[in-house]
Amino acid sequence: MNYWLIKSEPSTFGIEDLYHSPGQTEPWDGVRNYQARNMMRDDMKLGDQVFFYHSNCEEPGIVGIVEVSREAYPDLTAFDPSDLHHDPKSDPNNPRWVMVDIKLVRLLKRTITLQELKAKPELAELALVRRGNRLSVMPVAPEQWAFILGLENANTTDY
DNA sequence: GCCAACGTTGGC
DNA sequence: GCCAACGTTGGC
């Protein structure tokens, strides 16, 4: 079992949108970064647990947990000229980009904010809080996963 | 293969 | 809206 964190801008697609999706499941399409793609293609397995992070918004932070409900398959939006993430260089016979399906596990009881994550020495190695990080899909170590989950019930004035 | 220019991300 | 950090592009 692997752990991950995926970012999304709530103005584009937030945890509320996933909550209201049919089957609370959506394809995680539009990833156009090779590092992120490689992780999805090679390492994201059925049942892997994933933090859902809201970026570029009023209160950036982790807002929910999802799981991988289908492993990597070709991202067909790359072939659609009308799609925002259209990539004319992706060959339909050898698709360049992949996506996985994610299914909502649950919403967190509160947003675990970026500010809070940054303040924890235990999470110094978390890719999310490292300087200049821009990956939309990143691994989370099992200890980091457990630690972050523990924060959900912690007193928010502790930090 | 170098690297400057450019576009994007995302916190603030 | 600003801007730092980073990835990608393309001329050479």
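Convention: sequence-line order gives letters A, B, ...; per-chain numbering from 1.
Taking for each of Asn56(A) and Arg131(A) the nucleotide of DNA chain C with the nearest heavy atom, the 5'-most of the two is the partner of Asn56(A).
A 4.0 Å heavy-atom criterion places the boundary nucleotides of DNA chain B facing chain A at dG7(B) to dC12(B), written 5' to 3'.
Checking Asp87(A) against Trp97(A) by side-chain atom types alone, a donor-acceptor pair falls below 3.5 Å. The closest side-chain donor-acceptor pair between Asn153(A) and Lys109(A) falls under 3.5 angstrom.
The side-chain contact (heavy atoms from CB on, under 4.5 Å) search around Asn38(A) returns Arg41(A), Asp42(A), not counting sequence neighbours. By the salt bridge (charged side-chain N to carboxylate O under 4.0 Å, His left out) test, Glu59(A) is found to be paired with no residue, residues two or more places apart in sequence or in another chain being considered. Here Arg134(A) pairs with nothing under the salt bridge (charged side-chain N to carboxylate O under 4.0 Å, His left out) rule; sequence neighbours left out. Listed by chain and residue number, nothing satisfies the salt bridge (charged side-chain N to carboxylate O under 4.0 Å, His left out) test with Arg70(A) (two or more places apart in sequence, or in another chain).
Outside the 6.0 Å centre-distance limit, the rings of Phe52(A) and Trp4(A) are not counted as a close aromatic pair.
Contacts with DNA chain C (heavy atom under 4.0 Å) in residues 35-44 of chain A: none are found.
Enclosure of atom OH in Tyr19(A) is not indicated, since only 12 or fewer non-hydrogen atoms of other residues, nucleotides or ligands lie within 6.0 angstrom.
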